[in-house]
A.B. asks: 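The structure follows.
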Protein chains: 2
Amino acid sequence: MTDANATPRRATMKDVAALAGVGLSTVSRVVAGTAGVRADKVRRVERAIAELNFTRNDFARTLRTGNTATIGVIVTRLSDPFFAQLAHAVQERAQSEGMLVLIASASDDPEQATRVLQSVVSRRLDGLVVVVPEQTDVSYLQQEISGGTPIVLVDRPMAGVVADEVFADNAAGMSLAVDHLVAQGHTRIGCFVHTIGEFTADARRDGFVAAMAAHGLDADAELMPTVIEDAALIAPVLQAMLATDDPPTAIVTTNSPTTKATLRAIRAIDATLALVGFDDLDDADLMERSVTTIAQDPANMGQHAAELLMMRIRGIDAPIRRVVLGTRLVTRS
Amino acid sequence: MTDANATPRRATMKDVAALAGVGLSTVSRVVAGTAGVRADKVRRVERAIAELNFTRNDFARTLRTGNTATIGVIVTRLSDPFFAQLAHAVQERAQSEGMLVLIASASDDPEQATRVLQSVVSRRLDGLVVVVPEQTDVSYLQQEISGGTPIVLVDRPMAGVVADEVFADNAAGMSLAVDHLVAQGHTRIGCFVHTIGEFTADARRDGFVAAMAAHGLDADAELMPTVIEDAALIAPVLQAMLATDDPPTAIVTTNSPTTKATLRAIRAIDATLALVGFDDLDDADLMERSVTTIAQDPANMGQHAAELLMMRIRGIDAPIRRVVLGTRLVTRS
DNA sequence: TTGAAAGCGATACCAG
DNA sequence: CTGGTATCGCTTTCAA
């Protein structure tokens, strides 16, 4: 209240020590909760802390001790609910261990992702959960790992980085989708692949082909276009497919934007088709057309990633682990 | 590569200086990009940096300079898309200024929110964007503000904290909703309020009442129940309303979970009703029943919050500002 | 232009 | 039990 404008310098342990009439080390002990300080001194220190409104400077502490009690989560786009949930789960888990989580959003642009990743890495956090575009330059991550900073890769592997990993079982998921459709009598099934040359897209596409083969069915390349996640572009492709002699009666998609775009395309050209989408859709029950989906569980992925990281941070020296999480068929008719 | 297991100590500026054969300060200057170092020395230092794989320890830097180049964003739940988008927008804006963003998710539980908030505050970041449950204990935030850490409150005010604020114009939004329905000929309009005693809920409810009054219509208390965001609980309430002599022909809701729950309730009891929901719905175009909404723009809110914060961080000493952002009627029939 | 040296605020080892 | 004191790694005068 006195000296209202001049930003009052924050109290340090030295100030507390002076006011309490004890040594600096004693204050440090009290703050750290170390046992072995006489009760009356503890009280005096605590009173001084309250009076001066002291909070310890974590930067100094970190500089001295080297640990940050913080883990970093870098996801491609936080505005994507999948990643938001993933990040949230990591945070919840880490928090229960008293750690803080620095969440950073990297953007789809590999250049920018590299910068964000760099700036997080330079924070020397205790561990990192990483989901970035596959083209991102992550060469220095390996150095971090060998430098002792544990890293967990989620959703997709990164070339040149050997680390613990948490992935969805993409192939099994596609198998679930195909099994479901075949059980309903479909034999001409198409697969809309969201992109090419990326881990999840390729894995799901391959999974589709394998699942079809397992049923003795042919995965016709004509029915497996790589489609941009845009209804206006999907509609003509779909229409052309349906105009052939042997049109598909069902479609499987490889991610949720594609599922939504396909739903819009189907509506636009008023087609009749079964559809199974990879990744669950929120509020699918409210949709005009029911959609069966293959649900991944982002929260579960986040928990596993956090778990793995905590284990490494605690110094457990187990071999590199790859956790592959199952998916679930959510049937809606 | 040599000495593979013993975690190699990270190189420091001192190491770089030694290898490059220059003084410590020179290395610091090169790293900081300060002008006035002879080109050949710059080169030598850079070579040494590359060789030793040096990265500056930000904690030491922060300890010395006092600024973290990091802002904190605390939101109630990151798994809520609204907040995820908000946080993402802050991050994008901050990043373009070279700042990092620490995003923390606080949970709906005020106790836990308090702890998260505390731990973020103890990080002494350059600024904070805060959205926490209204019951959260934020007494110490005011100290932070007077201690020089700028804070921006988003979405809702917090008792006892005088800071810059970014809110949606809740009353005007409700007015948009009512105007729209009245223009369609509705006069008996209900309002499902998601809770009581919270800023947004109260503001929207009051806005509804005022908007009705502006049309000379009565906002019947019977038609303004406080409903839990659950279709099973809303259905009987709605059914009872419709069974009266003078049933509503339209409903306005005060947030998106309520909108969705109401959609489900309407479907469950097969009612015929117009509906306008506060907060836009993703993929509303794919829904069985079209829903007109009042859209807030979380990204815009985030940008404004970041802008305000940057301004304060730069030391602009303007009076406290309250930014009220407009909402938009998204008509779907 | 450059280097030496004094801190930033905590921790932790050592005597007492 | 307690209090000095030497760091942690960097920035920033201050002289040279």
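Chain identifiers are assigned alphabetically (A, B, ...) following the order of the sequence lines, protein sequences preceding nucleic acid strands; residue numbering begins at 1 within each chain.
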A.B. asks: Is a donor on one side and an acceptor on the other found under 3.5 Å between the side chain of A/T136 and the backbone of A/V138?
C.D. replies: no
A.B. asks: Atom CZ of B/R123 and atom C1' of C/dA10: how far apart are they, to the nearest Å?
C.D. replies: 15 Å
A.B. asks: Looking at D/dT11, I'd like to know if its phosphate oxygens (OP1 or OP2) sit under 4.0 Å from a side-chain N or O belonging to B/R56.
C.D. replies: yes
A.B. asks: Grab the CE-P distance between B/M13 and C/dA5 for me, whole Å please.
C.D. replies: 19 Å
A.B. asks: Let me know the distance between NZ of B/K41 and P of C/dT1, rounded to the nearest Å.
C.D. replies: 12 Å
A.B. asks: Without decimals, in angstroms, what is the distance between B/I49 CD1 and D/dC10 C1'?
C.D. replies: 13 Å
A.B. asks: Figure out the CG/P separation between A/D58 and C/dG9, and round it to whole Å.
C.D. replies: 14 Å
A.B. asks: Checking B/R156 side chain against B/V132 main chain: does a donor-acceptor pair fall under 3.5 Å?
C.D. replies: yes
A.B. asks: Are B/V16 and B/V45 side-chain neighbours, meaning at least one heavy-atom pair lies under 4.5 Å?
C.D. replies: yes
A.B. asks: C/dG7 base to B/R64 side chain: any donor-acceptor pair below 3.5 Å?
C.D. replies: yes
A.B. asks: In whole angstroms, how far is the P atom of D/dG9 from the CG atom of A/L63?
C.D. replies: 7 Å
A.B. asks: Output the rounded distance in Å from CZ (A/R10) to P (C/dG9).
C.D. replies: 11 Å
A.B. asks: Does A/R47 reach the side chain of A/R43, with side-chain heavy atoms less than 4.5 Å apart?
C.D. replies: yes
A.B. asks: Quick one: bend of the helix from C/dT1-D/dA16 to C/dG16-D/dC1 from 5 pairs per end, to 10°?
C.D. replies: 40°
A.B. asks: Starting at CG of B/N57 and ending at P of C/dA10, how long is that distance when rounded to a whole Å?
C.D. replies: 17 Å
A.B. asks: Check for a donor-acceptor pair, side chain of A/E165 on one end and backbone N or O of A/R321 on the other, with a separation under 3.5 Å.
C.D. replies: no
A.B. asks: For A/S146 and A/Q142, indicate whether the former's side chain and the latter's backbone hold a donor-acceptor pair under 3.5 Å.
C.D. replies: yes
A.B. asks: Is there side-chain contact between B/V120 and B/L125, with heavy atoms separated by less than 4.5 Å?
C.D. replies: yes
A.B. asks: Give me the residues of residues 20-29 of chain B where at least one heavy atom lies under 4.0 Å from an atom of DNA chain D, by number, or none.
C.D. replies: B/S25, B/S28, B/R29
A.B. asks: Near DNA chain C, counting only heavy atoms under 4.0 Å, which residues of residues 30-40 of chain A show up?
C.D. replies: none
A.B. asks: Has the side chain of B/D137 got a donor or acceptor atom that lies under 3.5 Å from a matching backbone atom of B/S139?
C.D. replies: yes
A.B. asks: The side chain of B/T65 lies closest to which of these nucleotides: D/dT12, D/dC10, C/dG9?
C.D. replies: D/dT12
A.B. asks: So do the side chains of B/D108 and B/R77 get within less than 4.5 Å of each other, counting heavy atoms only?
C.D. replies: yes
A.B. asks: On the nucleotide C/dC8, are OP1 or OP2 found under 4.0 Å from the side-chain N or O atoms that A/K14 carries?
C.D. replies: no
A.B. asks: So does A/A318 get a backbone contact from the side chain of A/R312, meaning a donor-acceptor N/O pair under 3.5 Å?
C.D. replies: yes
A.B. asks: Using only atom types and a distance under 3.5 Å, with no angle test, would you say the side chain of B/D164 pairs donor to acceptor with the backbone of B/L308?
C.D. replies: no
A.B. asks: Are the side chains of B/S105 and B/F83 in touch, meaning some heavy atoms are under 4.5 Å apart?
C.D. replies: no
